[in-house]
Number of protein chains: 2
Amino acid sequence: MRTDEGTAGPDDGIPDDVALLWGRRGGPRRGPRPSLSVADITRAAVAVADADGLDAVSMARVAAELGNSTMALYRHVRSKDELLALMTDAAMESPPEREPDGDWRAGLYAWAHGVVAVSRRHPWFARLPVGGPPIGPHNLAWLDRGLAELEPVGLPPDEAVAIVTGLLIYTQGGIRLGAELAVGYAADPDAFGARYGRLLGALVDPHRMPALARAVAAGVFDGTGTASPPPEHDATAGAEFELGLTFLLDGIAAHIARRGTPGP
Amino acid sequence: MRTDEGTAGPDDGIPDDVALLWGRRGGPRRGPRPSLSVADITRAAVAVADADGLDAVSMARVAAELGNSTMALYRHVRSKDELLALMTDAAMESPPEREPDGDWRAGLYAWAHGVVAVSRRHPWFARLPVGGPPIGPHNLAWLDRGLAELEPVGLPPDEAVAIVTGLLIYTQGGIRLGAELAVGYAADPDAFGARYGRLLGALVDPHRMPALARAVAAGVFDGTGTASPPPEHDATAGAEFELGLTFLLDGIAAHIARRGTPGP
DNA sequence: GCAGTTTAGCGTGTGATATACGCAGTTCGG
DNA sequence: CCGAACTGCGTATATCACACGCTAAACTGC
């Protein structure tokens with residue numbers, strides 16, 4: 001028995017866990033008709049995490065949500081870690097359709113906001129282990145969409161990948177400090193806003209942290225504090241995210257301009 | 001009995017969990033001398049997470065590491081979540097001393113690399129829940145250092161905070177896609193490098209993901225693939241992180257230049 | 001000093017968790 | 001139409017966070 005190839009068929013050396021991600025682990029059809037599918041299980045797990053947080057995702061809870069027993073899940077998923085990997089890809093949903101109009105900047109701007117919007121619907125996303133480079137269908141689809149926006153510019157492919165990855169790095173940070181922060185806001189809105197500013201005033205020693213103390217004294221943290229937008233805002237992670245994204249796109253634009261127009 | 005103020009003393013309305021973070025929860029000295037301290041427990045928990053990952057951090061394991069029983073920890077920490085909050089702050093360590101030399105760009109560059117370096121020593125950092133705006137002493141110290149680098153520029157304080165926060169957003173993303181990825185690399189180095197490129201070649205359908213398929217065909221992912229530097233590299237998250245950081249700093253520099261020199 | 005009070009460490013118990021294992025009933029290939 | 005393969009499930013085990021209460025230590029007021 002091979003340990004690495006699974007029973008999917010003649011696919012080239014695709015590891016078993018990756019095959020699962022792509023829905024290619026259907027063995028030969030025999031025995032009773034399955035009442036559960038991997039897609040069902042993943043959907044239910046995502047729903048539980050969306051509703052009650054990542055810690056509420058237990059095999060028992062997911063099974064209960066599906067009206068099945070706990071152990072039934074293990075016929076479709078080898079371990080909980082495998083289920084988490086499925087959730088990692090499912091959380092990204094599918095990138096929206098969008099025809100490239102030649103404006104790479106607006107395209108990448110919308111792309112970044114799309115990634116943040118998706119992660120805001122699944123705030124537990126940033127707490128999942130990474131495990132490896134992107135390999136699931138949804139993650140790769142997003143990567144493709146980003147590269148497509150940049151394609152008319154005519155950069156060498158490795159540079160385009162590096163730029164999209166850089167944007168993804170920034171966006172992932174926005175998710176962690178923005179989308180996931182919204183969970184904390186929902187749990188305790190008082191910890192934000194004016195009380196946060198007062199707390200900083202009481203804690204920050206002007207001798208040890210002079211620059212921060214000055215910002216606190218200036219009242220910067222009294223309003224909608226650092227990276228803490230009320231969730232009524234749109235899908236972004238707040239003004240700080242916007243500003244940084246603008247700067248990042250500015251830097252990319254300068255780089256592209258420096259290269260001159262594409263072609264020979 | 002107040003629920004919110006703790007027993008630390010006459011400190012202004014500092015919530016109990018924040019007081020713990022700042023080491024201000026020492027009650028009146030009475031009873032047997034404690035053989036454990038919050039600092040000891042936090043150190044041990046961090047050591048366990050560094051050695052065997054976040055999932056290995058159980059109260060029993062941490063207590064065993066300290067030669068104590070499991071329940072002894074609960075005299076110093078109210079719950080495991082509180083311990084995780086302590087770890088969140090401890091992971092940031094203390095920012096290195098650095099005298100501002102007036103070059104804000106070099107300063108912020110080093111600052112960002114410092115944050116990444118620290119997180120690379122504690123790759124589990126990105127998997128902890130955020131919970132709220134930065135409030136622990138180490139986290140605030142880093143924020144202060146970033147603001148200090150920017151202070152000679154003379155920006156309005158809210159703008160400086162927004163810029164440092166934007167940089168922090170980017171850096172957090174670098175941690176997730178770089179530092180935490182190193183864990184996956186250590187676990188299975190084969191998943192990176194040439195095998196990754198071959199996998200993408202087998203999975204990516206040129207009709208559904210044309211831009212990505214072109215990049216794969218160009219061999220972009222055959223070498224040190226996307227955001228996947230061998231850990232022998234320095235403390236950064238790879239070439240992609242570098243490139244994005246440069247672009248972001250370029251954008252910030254352009255903004256500062258646009259404002260003109262400081263002062264009246 | 002001495003009594004009373006406060007506190008640290010610990011042992012036990014409880015309920016939730018992931019998951020190994022084997023049984024029973026179902027369905028398809030031959 | 002029969003046996004093989006496969007699904008769902010019940011049980012068992014080990015681990016987890018944590019409530020509760022006990023014992024003994026050390027400080028405070030007398």
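Every chain is numbered from 1, with letters handed out A, B, ... down the list of sequences.
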Quick note, B/Ser58 side chain, CB onward, closest among D/dG8, C/dT17, D/dA17 is D/dA17

Nearest heavy atoms of A/Arg176 and B/Phe125, plus distance in Å: NH2-O, 3.3 Å

Quickly work out the B/Arg33 CZ to D/dA24 C1' distance and round it to whole Å. 14 Å

Check the distance between D/dT7's P and A/Asp40's CG and give it to me in whole angstrom. 14 Å

Whether B/Arg127 and B/Asp55 form a salt bridge (side-chain N of Lys/Arg under 4.0 Å from carboxylate O of Asp/Glu) is what I want to check. yes

Nearest-Å distance for atom pair CZ/P, residues B/Arg78 and D/dA17: 18 Å

Has A/Ser35 got a side-chain N or O lying under 4.0 Å from the OP1 or OP2 atom of D/dG8? yes

Considering all heavy atoms of both residues, which atom of A/His76 and which atom of A/Ala72 are nearest to each other, and what is their separation? CD2-O, 3.6 Å

Return the value, rounded to whole Å, for the distance between atom CZ of B/Arg30 and atom P of C/dA3. 16 Å

Per atom distances to the A/Lys80 side chain, the nearest of C/dT7, C/dA18, D/dG8 is C/dA18

Can you tell me how far P of D/dC16 sits from CG of A/Asp55, to the nearest Å? 16 Å

When rounded to whole Å, the CG to C1' distance for the pair A/Leu66 and D/dC9 reads 15 Å

Length of the line joining B/Arg61:CZ and D/dC18:P, which is rounded to integer Å: 18 Å

Between A/Asp52 and A/Arg61, does any side-chain N to carboxylate O distance fall below 4.0 Å? yes

Quick one: does B/Leu36's side chain get under 4.5 Å of B/Arg75's, heavy atoms only? no

Nearest whole angstrom, please: distance from the P of C/dT12 to the CE of B/Met59. 20 Å

Sorted by number, residues from residues 67-76 of chain B placing a heavy atom under 4.0 Å from DNA chain D are B/Met71, B/Tyr74, B/Arg75

What about A/His122 and A/Trp124, are their ring centers closer than 6.0 Å? yes

Distance-minimising heavy-atom pair for B/Leu73 and B/Met59: CD1-O, 3.4 Å

Counting side-chain heavy atoms from C-beta on, which of C/dT7, D/dA17, D/dT7 comes nearest to B/Pro32? C/dT7

